Structure formats: C-alpha cells, structure tokens
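Report on one structure; see the data block that follows.
In this text, all values refer to a predicted model and were calculated from it rather than measured experimentally. Each ligand, and each atom within it, is numbered from 1 in the order the structure gives. Throughout, residue positions are numbered sequentially from 1 according to the sequence presented.
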Amino acid sequence: MKRIILFASGSGSNVENIVNYFQEKPNVTIAMVLTNKRDAKVLDRCNRLNISALYFNKQAYNNSDTVLNLIKDVNPDLIVLAGFLWKIPEKYVEIFPNKIVNIHPALLPKYGGKGMYGDNVHKAVKENKETETGITIHYVNENYDEGSIIEQQKVALFPQDTYQEIAQKVHHLEYEYFPKVIERLLQ
Ligand code: GAR
C-alpha cells in the first residue's frame with residue numbers, strides 16, 4: 001500500500017479531487033491531510049470525505065519537530081503540496097529527497113516565487129496579456145518554485161478571459177493531470 005500525505009492551505013478542491021481519484025485505487029491511500037490554516041475549507045472537505053486532517057501552527061512546523069515527526073510516523077511514499085502556501089523548510093527537503101511535489105498554477109519559471117500563488121498568479125498572467133498559461137508539477141527544493149519540473153500542461157488564453165476564467169482553466173488542468181502524475185510517481 002502506497003501512502004500519500006497532502007498539504008493544503010485553502011479551499012482544497014485539489015485535495016478533494018485527489019481523494020476521489022484514489023478512492024477507486026486499492027493500492028494507494030491518502031494517509032493524512034495537513035493544513036496551516038485553522039479555518040481552511042479543506043478541513044470541512046476532509047470531514048465530509050472521512051479523511052484525517054490536522055491543523056498545525058508555525059511553532060509545530062518550523063520551530064519544533066512536531067509536524068516532521070507526524071510525517072515520519074506515516075512514512076509516506078509521497079508528500080504532495082496541493083495549494084500549500086508556506087515555504088517548505090530545508091530540513092524537510094533533506095529528510096525526504098525527491099518525495100515532496102508541488103503544483104504551481106502557471107508555466108514556471110514564469111510567475112513563480114514568493115507571493116505568486118492562486119489569484120495573484122492569474123491576475124499577473126492577465127495583466128501581461130499572455131496567450132497561454134498552464135500548470136507545473138515539480139519537485140520541491142529549498143527555493144520557492146525552483147525544483148526540477150516533472151510535468152507541465154498548457155491552455156490557450158483569449159484577450160477577453162477574466163482572471164477568474166483563467167483560474168478556472170488552470171483548475172481544470174489541475175484536476176485532470178495532478179492525480180495522474182501522482183499515480184505515475186508512485187509506480
Ligand atoms: C491551486 O490552483 C494551486 O495550483 C495553487 O493554489 C490553488 C489551490 O486551490 N497553488 C499555488 O499557488 C502554490 N504557489 P485549491 O485549494 O482549490 O486546491
């Protein structure tokens with residue numbers, strides 16, 4: 001049985017999509033969902049989906065080994081950041097080399113780095129009149145959005161697309177490709 005830990009900071013629609021995808025795969029389990037937001041919508045989703053979910057604070061994450069020990073206890077095959085907005089501490093990257101993957105809602109190296117998340121990314125893409133955007137699934141290293149790229153998928157944009165429509169197009173790509181890439185990495 002392969003075990004996945006998911007990290008999320010907000011709505012968690014990707015978490016829900018990944019959970020649903022693997023519900024039909026008997027050899028993969030979502031062991032735990034971790035969030036840094038006490039009131040994140042992802043917690044309600046996990047409750048409804050019957051998935052263990054835990055909130056942690058900065059102290060447990062950065063200044064002690066609480067979260068790290070939680071992860072070690074699960075001994076996951078993959079740690080997946082699905083809309084997680086805190087930087088991953090270097091220590092985690094050292095302990096779990098090539099086991100932490102992130103999804104970014106743009107075509108890295110464009111629109112990456114600190115502050116570039118969610119709608120900020122889509123607004124910047126719109127502002128710059130890009131004719132395409134997409135998703136990047138990549139390994140996590142010690143710098144924001146700089147780990148080696150596993151997969152990118154693109155979608156065309158039109159001048160009249162609002163940033164909300166751009167976000168929707170990107171979410172579609174995420175729902176279609178993220179679970180499949182995770183599955184491939186577990187094989
Ligand atoms: C997703 O679009 C994900 O790519 C993005 O946050 C969104 C979370 O949506 N991640 C980042 O911006 C990371 N820098 P969700 O909570 O509905 O899954």
Side-chain angles (χ1 to χ4, degrees), residues 4-23 30 32-49 51-56 61 78-90 92-93 100-128 130 132-155 157 161-183 185:
I4 302 174
I5 291 182
L6 296 169
F7 277 73
S9 296
S11 162
S13 69
N14 275 285
V15 166
E16 179 155 3
N17 180 57
I18 292 165
V19 168
N20 287 336
Y21 183 87
F22 286 108
Q23 231 144 35
I30 309 302
M32 187 161 60
V33 175
L34 293 170
T35 183
N36 62 318
K37 280 265 158 65
R38 199 191 289 278
D39 57 353
K41 220 174 125 188
V42 69
L43 289 169
D44 301 329
R45 290 188 199 261
C46 289
N47 202 12
R48 181 161 44 75
L49 294 163
I51 298 285
S52 320
L54 282 177
Y55 156 78
F56 61 84
Y61 183 63
L78 208 60
I79 298 167
V80 176
L81 313 184
F84 181 64
L85 303 184
W86 279 359
K87 195 167 185 288
I88 292 291
E90 243 176 271
Y92 289 48
V93 179
I100 313 177
V101 298
N102 179 46
I103 190 157
H104 188 78
L107 297 169
L108 290 174
K110 282 176 140 182
Y111 304 104
K114 201 163 194 266
M116 274 296 173
Y117 58 86
D119 285 344
N120 293 348
V121 173
H122 309 307
K123 284 176 184 167
V125 164
K126 165 95 190 143
E127 191 114 314
N128 289 336
E130 295 286 355
E132 63 177 19
T133 188
I135 58 169
T136 304
I137 298 164
H138 64 94
Y139 287 109
V140 171
N141 70 8
E142 56 290 346
N143 300 316
Y144 261 120
D145 301 328
E146 285 183 15
S148 60
I149 291 175
I150 300 162
E151 179 151 331
Q152 290 189 307
Q153 291 290 339
K154 295 178 183 172
V155 63
L157 297 178
D161 285 342
T162 62
Y163 81 84
Q164 293 94 333
E165 283 165 336
I166 297 174
Q168 224 170 30
K169 286 183 174 184
V170 168
H171 262 119
H172 262 106
L173 289 179
E174 295 184 330
Y175 301 152
E176 181 170 358
Y177 291 101
F178 202 15
K180 287 181 190 154
V181 170
I182 293 169
E183 188 174 31
L185 292 173

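With respect to Glu151 and Lys180, no salt bridge is recorded, no charged nitrogen being found less than 4.0 Å from a carboxylate O.
The protein heavy-atom contact nearest to atom 11 (C) of ligand 1 is Pro105 CD, 3.6 Å. Shortest contact from atom 9 (O) of ligand 1 to any protein heavy atom: His171 NE2, 3.4 Å.
Of all the heavy atoms in Ser9 and Thr35, the pair that sits closest is CA-OG1, 3.9 Å.
Atom numbering of ligand 1 starts at 1 in the shown order; those under 4.0 Å from a heavy atom of His104 are 14 (N). Shown in contact with Gly83 at under 4.0 Å from a heavy atom are these atoms of ligand 1, numbered in order with element: 6 (O), 8 (C), 10 (N). Less than 4.0 angstrom separates some heavy atom of Ser11 from each of these atoms of ligand 1: 16 (O), 17 (O). Close approach to Ile103 involves these atoms of ligand 1, each under 4.0 Å from a residue heavy atom: 4 (O), 10 (N), 13 (C). Atoms of ligand 1 found under 4.0 Å from any heavy atom of Gly118, numbered from 1 in the order shown, are 12 (O).
Residue contact check for ligand 1: Val170 places no non-hydrogen atom closer than 4.0 Å to it. Taking 4.0 Å as the cut-off, Gly12 counts as a neighbour of ligand 1 on heavy-atom distance.
Here Met116 has backbone heavy atoms under 4.0 Å from ligand 1, and that is the only part of it that gets that close.
Inclusion of Glu174 in the set of residues having an N or O under 3.5 Å from an N or O of ligand 1 is warranted. At least one N or O atom of Asn14 sits closer than 3.5 Å to an N or O atom of ligand 1. For the pair Ser13 and ligand 1, the shortest N or O to N or O distance falls below 3.5 Å.
In terms of the side-chain contact (heavy atoms from CB on, under 4.5 Å) criterion, residue partners of Arg38 (sequence neighbours excluded) are, by chain and number, Tyr55. Considering only residues two or more places apart in sequence or on other chains, Pro89 meets the side-chain contact (heavy atoms from CB on, under 4.5 Å) condition with Tyr61, Asn62, Tyr92.
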- [ ] Show the numbers, then the answer: is there a side-chain contact (heavy atoms from CB on, under 4.5 Å) between Lys169 and Thr133?
- [x] CA-CA 9 Å; Lys169 286 183 174 184; Thr133 188; 5.8 Å; no
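Screening Ile4, Val101, Val80 for a side-chain contact (heavy atoms from CB on, under 4.5 Å) with Leu185, the sole residue that qualifies is Val101.
Residue Asn36 holds its CG atom at 4.5 Å from CH2 of Trp86, rounded to the nearest 0.5 Å. In this structure, CD on Glu174 lies 5.0 Å from NE2 on His171, to the nearest 0.5 angstrom. Taking CG of Asn17 as the start and CZ of Arg45 as the end, the distance is 10.0 Å to the nearest 0.5 Å.
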